[in-house]
Amino acid sequence: MSNITLQMRGVSRVFGTDEMDTYALRGINLEIYRGDFVSICGPSGCGKSTLLSILGLLDMPTTGSYSIEGADVSKLSLSKAAYLRNEKFGFIFQSFNLIDELSVFDNVALPLRYRREPVTDIEQRVTRCLQKVDMSHRMRHRPNQLSGGQQQRVAIARALVGNPVVLLVDEPTGNLDSRTGDAVMDMLMHLNSEGTTICMVTHDARYADMASRKLHLLDGKMLDEHAPVAQELRA
Amino acid sequence: MISSKDFAVAFNALRTHRGYAATIIATLGFTLGALVAMFDLNYQLLAAPLPYPEQERLYISEGNAYNAGKVQFANEVPYPGLIEAYKRREEDFERAALISFGFDIVQDRPDSPRVTTSYSTPEYFELVGAPMALGRAFSEAEGLDARTPVTVISYPAWQMLFNGDRGALGKTLRFRGTDFRIIGVTAEDFTEPQLAGIGRLTEVWLPWDYNNAFERARSSWTRTDGAQHLVGRLKAGGDAARVQQALTSLLNGRFKSETASQPFFNDMTLDFKLVPFRQAILGDSRSVVLLLFAGALVLLLIAAANVTNLTLARAAGQQKNMAIQAALGAQKKHLFLAVFAEILLLLGLAAALSLAVASGGIALLKLLAQKYLPRLAELHLNWPSFGFAVLAALTLASVFALLISHQINYRALHDTLKSSGKGTGIQLSVNVRRGLILSQVALTGVLLAASLQVLTQSIQRIAQPLGFQTADVYYVALNMGGQRDAPPEHLRNELLAIRSELQSDPKVVDASIASGTPIHFGGDAQYQSLLSREPDFQQQQEAATTLVDENFAPILGLVMTDGQQFQPGDVQNGTKSLLVNETFARNWQADGAVLDKLLYWRNSPDRGQTPYRVTGIVRDFTLPGRAEMPRVFVPQIRPVDPVLVLKMKSGQEFTNTELNQVIGRINNEYKVAMLLSLSRAHSLLIARDSLAAGFTAVLVTLAISLAAIGIYGVLSYTVLIRRVELGVRMAIGARPVTVFMQILKDNLVAVIAGLVVALGVLSALWRWAQGHGYIVQASLLNWTLLVVLIIGLTAAATLLSVWRVISKPVYHALRNE
């Protein structure tokens, strides 16, 4: 059985306006395997977030192919893309993106409600996930009553509750102090050690090094994974 | 202070948001325009001075006869009493005149045109300051008892009768056998006070001596002829209440002494009121125009709520610009002035549009509503209306700007630049957003429900069948000229001969002689008489009475529910039979089975001595907007003021001239006074309903459009500020349809609450209407339609506002693009 979870071949993303075309990604080839912890690094504007968006079906490639567990998902309807996102991915954002009008419990339960899971199942799984991130004691709180680190842990619980194939993480420590950021990274490492596949965008070299694979982007192109980064930059 | 730079910046900003600007200018322009037109109307009717000299001192008399404290005869003063009041006028009035209103036909024209007439003493023209286009008004030599046959005609009558020929002066017009010499033409811009009813304008003035009161009435204190008045200008400092009390006392005293020998009048008293010209002209229009103003105000409030939503959405979209300005040192007042400049520009353009709309609205009112509202000829945009438009625009601009600036969280603006888009410095609370939707829906619901109710009732009245034929049926009123005083038998024979002539005309199917038809020009007023089961008339019933021949029922297609119609020979033989309608029958006996029963008729030739037998029961008529009255039909030819009812062949009709020729073969004195198809009479009867239906259809369309704009405005604002949240939901798996349903569900709560509030207001209005005697049928169908319409609008507006989020890849929403 193939171990490849996500695979991209020749993926490009072009943003066009009346005046010009901007190539955010050029000819990206990429495989992410089950159990990987992949970090994607690069300077500002290199296309990291765009790549993560396409990986998470938040955007579609202009050219090239993208498949998830062997199925081509390059051209999906918005509705089908939403379904797959719900089934396959968990998202962790830099600014947490919790919904203030909902309680911690309801925030975490949201992906399961979109799947129309039974109420009892939802309750069990949400409680389990919140215990995992040590936030079960704040189930009835609202996000704006929590600290940044606590909000990020809730966001991790929400990302995990649907048993995703891959966790997509966008600058998870960007809005946190270093101590809290370390704690979040520890949690991610722990999740990976338990078998969760993680793909993380970061510009923090320390955290990038924690990943088992490091991918570098420059001007929309993927640099050779195994080549020293400095050499590529000079080139 | 706002500078020209602020306006320049605002103008440039609006140029790039043309749709937004156009929506606000159009929304406010039209609704403010409607309100300005209604303000103008109210000002004209309720506040603007009348265009007559010393108008505040002008009065018209109104007398009533009371029996045991209740009004027995309204607006009728005994003729000799009125003359006495006129003769002593100098005691209380600076100037006073007698005036009476009627109509007549011009006998010396082949088409015998019908004209509205007024009969007055010379002072009338000075009282109303009537300017003349040609000649002069009546002089003292043509006053009371002078019997000088002269006439003054109106400008429109001069155009109609003489094509504006200046040689009309000195020519004559014949009325009732007398030639009246034309001595003057009133000016085109003369605004005659409409004292005899809205839209009733005089075409021919004749001296008072020639008024159409019966000879017997002129000397009788017990017979009244109506439509006769004293008009006058009180002396400066005079007290109208004191004068009317003095005149009441005088007239009542004379009435009592003149009727002392007649027990019937023992309990009757007279009063003599003085009604200000303004009040007499206005009639019962005050409530109508105030209601129109209220309706326009509600429209403007809906529009204002819409614009509030739109401007808030725009402000939310401008938060980044505001944040940058704040970072560069702009204080809250600077931000307020920038917002105010933009809104002022929009409101200024809306105010300009509103004046154009108001002008159009006024022109439309003058075209369509002359018969329903007084003083419309004087209506035009004036300085008070202009001032009102400017004031309203300034007020709205200030309210909008203050509302927006109140919502700007100045401190939070700084965070906008720092954060990745979470939260906003300009945000309405959920409750305020829901309140805006609730108010939109409540206002629209009330307006739509009321409009739909009026529309439904108007359409019902327009569409309902009358219960008798009108197609190709004509009502012909005859003027008998000098023949009026001929022996009745002679007149009956002549009428029968005329009927015969008409029946043999190739255009005519059949002809009938009657005293009237169920509808005719002027509505359905009917001659009433009393009937009783017993000869002593202790218990009597009043009924609309029509004297007919045997052709009347077949021509009008009257449906018999029992018995039979009149037979040939019933009229000739003076058969004592009657037809009654179902209402009369039920009033008499609960089961309505009154066939073959006997009735005594007060107006029979023997004054009710011999009973009549009920030989048939006629199905009730259904006239629009009124309950059916009790009716009887008597087989008799009334020789005086008869009516011919003609059934024409399909597509055939007579002109006045042609009819006069046919009738003239029998007697040249008879002239057509009025020729009117019953279809046209029906149209006149439902004209008010047709106008109401048209007006409310426009109102419904306008209200729906405004509601759609308003609900869309607040929903697009909601979506705008929730864009990131919606992006997150979609990122974790919410499908586009799920997002749509989420927003719809969030807003339906407020929509339903708004509908509940509207229902509450409508219930209160309905109870008020019932309590004040207005009959309003609550319609479940209308209410259901309204609910479906508003929920449908909400769903459509939701889809439209959420479309730009759900139709694009999710990353756009996450980046708040």
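The sequence lines fix the lettering, A, B, ..., with proteins before strands; numbering per chain opens at 1.
The CZ atom of A/R138 lies 9.0 Å from the CZ atom of A/R153; values are rounded to the nearest 0.5 Å. One finds the OG atom of A/S103 at 6.5 Å from the CZ atom of A/R142 (value rounded to the nearest 0.5 Å). Rounded to the nearest 0.5 angstrom, A/T196 OG1 and A/R34 CZ are separated by 12.5 Å. Atom OG1 of B/T798 sits about 8.0 Å away from atom CD1 of B/I743, to the nearest 0.5 Å. Atoms OH and CG, from B/Y712 and B/L800 in turn, are 5.0 Å apart once rounded to the nearest 0.5 Å. Separating the CG atom in B/N12 from the CZ atom in B/F7 is a distance of 13.5 Å, to the nearest 0.5 Å.
Using a 4.5 Å heavy-atom cut-off against chain B, the contacting residues of residues 107-127 of chain A are A/L110, A/P111, A/Y114. Among residues 51-62 of chain A, the residues having any heavy atom closer than 4.5 Å to a heavy atom of chain B are, in sequence order, A/S53, A/L58, A/D59.
The heavy-atom pair separating A/Q150 from A/S147 by the smallest distance is OE1-N, 2.9 Å. Closest of all the heavy-atom pairs between B/A813 and B/G727 is CB-CA, 3.6 Å.
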ask   = Would A/V133 and A/M135 satisfy side-chain contact (heavy atoms from CB on, under 4.5 Å), going step by step from the backbone distance to the final call?
value = CA-CA 6 Å; A/V133 299; A/M135 284 299 296; 3.9 Å; yes
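Interface remark: A/F89 contributes no atoms to any contact with chain B (heavy atom separation under 4.5 Å). No part of B/R722 comes within reach of chain A, as not one of its non-hydrogen atoms sits under 4.5 angstrom from that chain. Only the side chain of A/I99 comes within contact range of chain B, judged by heavy atoms closer than 4.5 Å. With a 4.5 Å cut-off on non-hydrogen atoms, A/E87 does not touch chain B at all.
Each of B/V810, B/V737, B/V728, B/I732 has some count of heavy-atom pairs under 4.5 Å with chain A, and the biggest count is that of B/I732. Ranked by heavy-atom pairs shorter than 4.5 Å toward chain A, the options B/A731, B/P809, B/S807, B/P736 are led by B/A731.
A side-chain donor from one of A/S74 and A/D72 sits under 3.5 Å from a side-chain acceptor of the other.
Residue-environment remark: OH (B/Y20) exceeds the threshold of 12 foreign heavy atoms within 6.0 Å. With a 6.0 Å radius and a threshold of 12 heavy atoms from other residues, nucleotides or ligands, A/H141 has its NE2 atom above the threshold.
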